Engineer: 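Got a structure for you, questions after.
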There are 2 protein chains.
Amino acid sequence: MARAGLTPDRVRDAAIELVRSVGFEELSLGTLARELGVRVPSLYNHVDNLDTLRAAVSASATNTLDEALAPAQTLEEIAHAYLAFARAEPGLYRASLRAPSVDNIAHEAAALRVLERIESALAEFPLSVDARIDAIRGLRALLHGFVELTLAGAFEMERPVEASFDGMLQNFRLGLERAKPIT
Amino acid sequence: MARAGLTPDRVRDAAIELVRSVGFEELSLGTLARELGVRVPSLYNHVDNLDTLRAAVSASATNTLDEALAPAQTLEEIAHAYLAFARAEPGLYRASLRAPSVDNIAHEAAALRVLERIESALAEFPLSVDARIDAIRGLRALLHGFVELTLAGAFEMERPVEASFDGMLQNFRLGLERAKPIT
DNA sequence: GACTTAAAACTAATGCTATTAGTTTTTGGT
DNA sequence: ACCAAAAACTAATAGCATTAGTTTTAAGTC
């Protein structure tokens with residue numbers, strides 16, 4: 001039997017690596033156990049169940065996304081960092097979308113940090129309270145929607161995806177500047 | 001045994017109803033068979049497998065989405081129809097997102113019709129070829145992203161979701177009008 | 001250094017999923 | 001009334017997560 005020396009952290013880290021290579025939806029206890037050289041039920045010595053393991057991976061992925069956004073300042077920088085992360089780490093990006101459970105304080109905090117970084121992209125614009133909420137929701141929709149369509153391979157036309165992303169951001173910025181609701 | 005009188009169409013229709021009530025991901029042969037008063041393997045007399053059944057549901061859902069968008073003319077009308085459909089029929093909306101397989105001509109045609117309707121929302125704007133591609137991609141991202149975040153319950157702030165949707169569209173329109181790249 | 005004990009790994013089993021093979025039954029057409 | 005095709009069935013396989021119960025390993029204590 002030769003004990004494999006697993007710990008909750010090692011199992012979680014292996015799960016993260018698996019998600020990075022095969023995707024979040026594809027994470028299964030079978031492949032994870034094989035990767036760790038152990039039988040499936042042995043994982044239950046270190047993990048409650050698949051759902052909590054997914055939650056742990058999601059929390060970590062949200063932190064990684066937060067760190068990827070950290071250096072960015074302007075609207076364009078933050079948006080580019082967001083798209084770049086999703087394209088470089090689609091598995092982690094998809095993992096980060098899972099809503100934190102209410103009892104997972106650290107996960108909730110990380111999700112809030114990501115949200116605040118996106119909100120900070122709008123700091124330069126003088127917006128009313130309502131217009132700012134609309135802008136936040138609009139930016140989130142834009143980023144998430146563009147990423148999803150990109151990952152799904154839905155953009156079939158010739159033009160480079162990056163160019164459209166930039167054009168879209170320019171359009172977004174123009175709309176915000178034109179609005180100028182605080183007078 | 002008392003033959004149940006199933007046909008491929010009846011099975012597909014029952015699958016559609018199931019997707020409408022429980023969601024696209026939740027469609028399973030077990031629940032479908034129970035709904036039809038039949039054992040699971042009996043379904044294989046009318047359906048190739050779960051994947052092609054999902055494809056059939058997706059094709060039908062894409063048609064339904066197309067019909068829901070048909071009466072809309074302007075950018076705002078089309079966007080509202082899109083959001084309204086997704087909120088009224090989240091199961092069908094999710095089903096419509098599945099990419100058509102290359103051999104399913106009717107499905108591909110329906111997906112193309114939906115795409116053209118979204119493109120037609122930009123007909124009123126005089127845009128260069130590239131700017132139009134960017135606008136199409138941006139609008140698709142906006143619509144899909146907003147719908148996803150809405151269905152996921154990601155908009156937690158007080159302001160009504162519809163108001164933000166309208167604000168977002170206004171912003172989008174302003175950006176397009178401001179750009180005016182054909183001069 | 002032997003012993004006790006908790007933890008880590010195991011096997012076996014349950015109950016879900018989709019799917020296939022093979023069998024019985026029903027029904028439409030001759 | 002009969003024959004053949006189609007529709008339903010049972011039984012079985014394989015993959016999934018999970019639990020119960022058992023063995024083994026290793027760490028800590030006397």
Side-chain angles (χ1 to χ4, degrees), chain A residues 1-61 91 94-95 97-99 101 103-104, chain B residues 1-61 91 94-95 97-99 101 103-104:
Chain A
M1 278 125 220
R3 200 166 287 203
L6 297 186
T7 64
D9 278 1
R10 282 203 54 201
V11 173
R12 196 206 51 164
D13 289 350
I16 291 171
E17 281 313 303
L18 209 50
V19 166
R20 290 185 66 200
S21 59
V22 304
F24 187 57
E25 306 298 325
E26 287 72 17
L27 172 64
S28 79
L29 296 181
T31 51
L32 182 57
R34 196 173 322 116
E35 204 71 31
L36 290 167
V38 101
R39 302 292 186 145
V40 173
S42 306
L43 296 176
Y44 285 86
N45 286 313
H46 313 283
V47 160
D48 280 1
N49 51 47
L50 178 60
D51 197 62
T52 59
L53 179 62
R54 287 202 183 114
V57 171
S58 175
S60 165
R94 287 266 158 76
L97 295 179
R98 189 189 210 264
S101 58
D103 60 333
N104 196 332
Chain B
M1 279 129 218
R3 202 165 285 201
L6 298 187
T7 65
D9 277 1
R10 282 203 55 200
V11 173
R12 196 206 52 164
D13 289 350
I16 291 170
E17 281 313 302
L18 209 50
V19 165
R20 290 185 67 199
S21 59
V22 304
F24 187 58
E25 306 298 326
E26 288 72 17
L27 172 64
S28 79
L29 296 181
T31 51
L32 182 57
R34 196 173 322 115
E35 204 72 31
L36 290 167
V38 101
R39 302 294 186 142
V40 173
S42 305
L43 297 175
Y44 285 86
N45 285 314
H46 312 283
V47 160
D48 279 2
N49 52 46
L50 178 61
D51 198 61
T52 58
L53 179 62
R54 286 204 183 112
V57 171
S58 174
S60 165
R94 287 266 158 75
L97 296 179
R98 189 187 212 266
S101 58
D103 61 332
N104 196 332

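Being a predicted model, the structure only gives us computed values, none of them experimental. Residue numbers begin at 1 in each chain, while the letters A, B, ... track the order of the sequences.
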Engineer: Provide the full list of salt bridge (charged side-chain N to carboxylate O under 4.0 Å, His left out) pairs with a residue in residues 16-27 of chain A, sequence neighbours left out, each pair given once.
Structural biologist: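 Salt bridge (charged side-chain N to carboxylate O under 4.0 Å, His left out) check on residues 16-27 of chain A returns Glu17(A)-Arg20(A), Arg20(A)-Glu89(A).
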
Engineer: Taking only N and O in the side chain of His46(A), is any of them less than 4.0 Å away from OP1 or OP2 of dA7(C)?
Structural biologist: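 False: His46(A) side-chain N/O out of range (4.0 Å or more) of dA7(C) OP1/OP2.
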
Engineer: Which nucleotide in the list dC10(C), dT18(D), dT19(C) gets nearest to the side chain of Ser42(A)?
Structural biologist: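 From the listed options, dC10(C) comes nearest.
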
Engineer: Nearest whole Å is fine: how far is dA7(C) C1' from Arg10(A) CZ?
Structural biologist: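 Distance check: Arg10(A) CZ to dA7(C) C1' gives 16 Å.
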
Engineer: Over all heavy atoms of both residues, which pair between Val57(A) and Ala95(A) is shortest? Give the atoms and the distance, please.
Structural biologist: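 Answer, listing the atom of Val57(A) first, then Ala95(A): CG1-CB, 4.1 Å.
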
Engineer: Quick check: any donor-acceptor pair below 3.5 Å linking the side-chain of Asn45(A) to the base of dA9(C)?
Structural biologist: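 It does, because a donor-acceptor pair links the side chain of Asn45(A) to the base of dA9(C) below 3.5 Å.
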
Engineer: Does anything in residues 24-40 of chain B reach DNA chain D, meaning a heavy atom under 4.0 Å, and if so which residues?
Structural biologist: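 The stretch gives Val38(B), Arg39(B) as the residues lying under 4.0 Å from the strand, ordered by number.
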
Engineer: Locate the shortest heavy-atom distance separating Arg98(A) from Ala55(A); write the atom from each residue and the value.
Structural biologist: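 Distance-wise, the nearest heavy atoms are NH1-CB, 3.6 Å.
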
Engineer: Send over the distance from Leu50(B) CG to dT17(C) C1', rounded to a whole Å.
Structural biologist: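 My rounded result for the distance is 10 Å.
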
Engineer: To the nearest angstrom, how far is Tyr44(B) atom OH from dC9(D) atom P?
Structural biologist: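 That distance rounds to 14 Å.
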
Engineer: Provide, to the nearest angstrom, the distance between the CG atom belonging to Asp48(B) and the P atom belonging to dA18(C).
Structural biologist: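 Interatomic distance, CG of Asp48(B) to P of dA18(C): 15 Å.
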
Engineer: Restricting to non-hydrogen atoms, name the atom on Tyr44(A) and the atom on Asn49(A) that form the minimum distance, rounded to 0.1 Å.
Structural biologist: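 Looking at all heavy atoms of both residues, the closest pair is CE2-CA, 4.0 Å.
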
Engineer: In chain order, what residues pass the side chain to side chain donor-acceptor pair (under 3.5 Å) check against Asp9(A), with sequence neighbours excluded?
Structural biologist: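 Listed in chain order: nothing, the list is empty.
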
Engineer: Look at the side chain of Pro41(B) and decide which nucleotide, out of dA8(C), dT19(C), dT19(D), has an atom nearest to it.
Structural biologist: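 The nucleotide sitting nearest to the side chain is dT19(C).
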
Engineer: Please report the closest heavy-atom contact between Leu27(A) and Arg54(A), naming both atoms and the distance.
Structural biologist: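 Residues Leu27(A) and Arg54(A), closest heavy atoms: O-NH2, 4.2 Å.
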
